[in-house]
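Predicted model, so just to flag it, every value in this text is computed and none were measured. Just follow the structure's listing: the first ligand is 1, and inside any ligand the first atom is 1.
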Amino acid sequence: MDKYIAANWKMNNDFSDIAPFVKYIKKNAKHEKNLIVCVPSTMIKTFADTAKKLVETGAENCYFEEKGAFTGEISANMVKSAGASYVIVGHSERRQIFGETNEMLNKKLVAALKAGLKVIFCIGETLEERSKYKSVLKKEIVEGFAGITDFSNIVIAYEPVWAIGTGVVATTADIVKVHKYIKTLVKDTFGADVAVLYGGSVKPSNSKEILALEEVDGVLIGGASLKAEDYIAIAQSR
Ligand code: PGA
């Protein structure tokens, strides 16, 4: 199976970027598989309608309640009905800036799976936590996946927080070591095999080396996913 090439636009790009982005992919990457582009919620429908089957569309977040008085929130069903097939849950920016806890993220994961979405579940340690990354990741995994028995629609993204948007990339030795740890932990705790993507300053100049690692099942790309040229260059470095 082709490794996952997942984009996270975060709060960047605009409606006017969607058509040229998709057009470039159509022209340059017709046979690429496992392309996922996660966009701001207001752009999901337009992106999905434009990209159709060429790329899978993802949301960057959703709320765990199905409906009700939650001003400003968007449910997993809303995300799905707008045309998304994926949703990112637990991005470090959601955890750090918006105070999302493992308990909340577990509820979001459950809600997303119930709505029929595939989930990119992010975990990762901060710079201060680096020396104890094992216990940090273990807590995020054990609490985040509590009660989950079916991992077939879950992909983990390991994103060391110190490598996000900083230009600092984990060494390949670090990536291999941590991905092995995550896969073994999920297997031992939940009896499941899970794909693990790497994220953090992935760009065309380093993606080939990262994607060549056996333990890496794909990448989650922030900054370098905003331009179709870079995104496709990364996809073609598989
Ligand atoms: P970055 O972001 O590629 O800009 O480091 C990755 C992410 O936050 O998903």
Can you find an N or O of Lys10 that's nearer than 3.5 Å to an N or O of ligand 1?
yes

Can a non-hydrogen atom of Gly199 be found less than 4.0 Å from any atom of ligand 1?
no

Does ligand 1 have any atom that is closer than 4.0 Å to a heavy atom of Ala163?
yes

Side chains of Tyr181 and Glu215: is there a donor and an acceptor less than 3.5 Å apart?
no

Quick one: does Arg94's side chain have a donor or acceptor within less than 3.5 Å of a partner on His91's backbone?
no

Do any N or O atoms from the side chain of Asn34 and from the backbone of Tyr4 form a donor-acceptor pair under 3.5 angstrom?
no

Which segment of Cys122 sits under 4.0 Å of ligand 1 when only heavy atoms are counted
neither

Is it the case that the side chain of Thr46 and the backbone of Met43 share a donor-acceptor pair, with hydrogens and angles ignored and the cut-off at 3.5 Å?
no

Nearest protein heavy atom to atom 7 (C) of ligand 1, by residue and atom, and its distance?
Glu159 OE2, 3.1 Å

Atoms of ligand 1 less than 4.0 Å from Leu220 heavy atoms?
9 (O)

State which residues pass salt bridge (charged side-chain N to carboxylate O under 4.0 Å, His left out) with Lys134; sequence neighbours excluded, sorted by chain then number.
none

Hey, does Gly165 come in under 3.5 Å of ligand 1, counting only N/O atoms on both sides?
yes

Test of proximity, Gly222 against ligand 1: N or O pairs below 3.5 Å
yes

Considering only heavy atoms, does Ile164 approach ligand 1 within less than 4.0 Å through its side chain, its backbone, both, or neither?
both

Specify the protein heavy atom at minimum distance from atom 4 (O) of ligand 1: its residue, its atom name, and the distance to 0.1 Å.
Gly223 N, 2.8 Å

Any side-chain to backbone donor/acceptor pair from Lys10 onto Gly222? Under 3.5 Å, distance only.
no

Using a 4.0 Å cutoff against the non-hydrogen atoms of Gly200, which atoms of ligand 1 qualify?
5 (O)

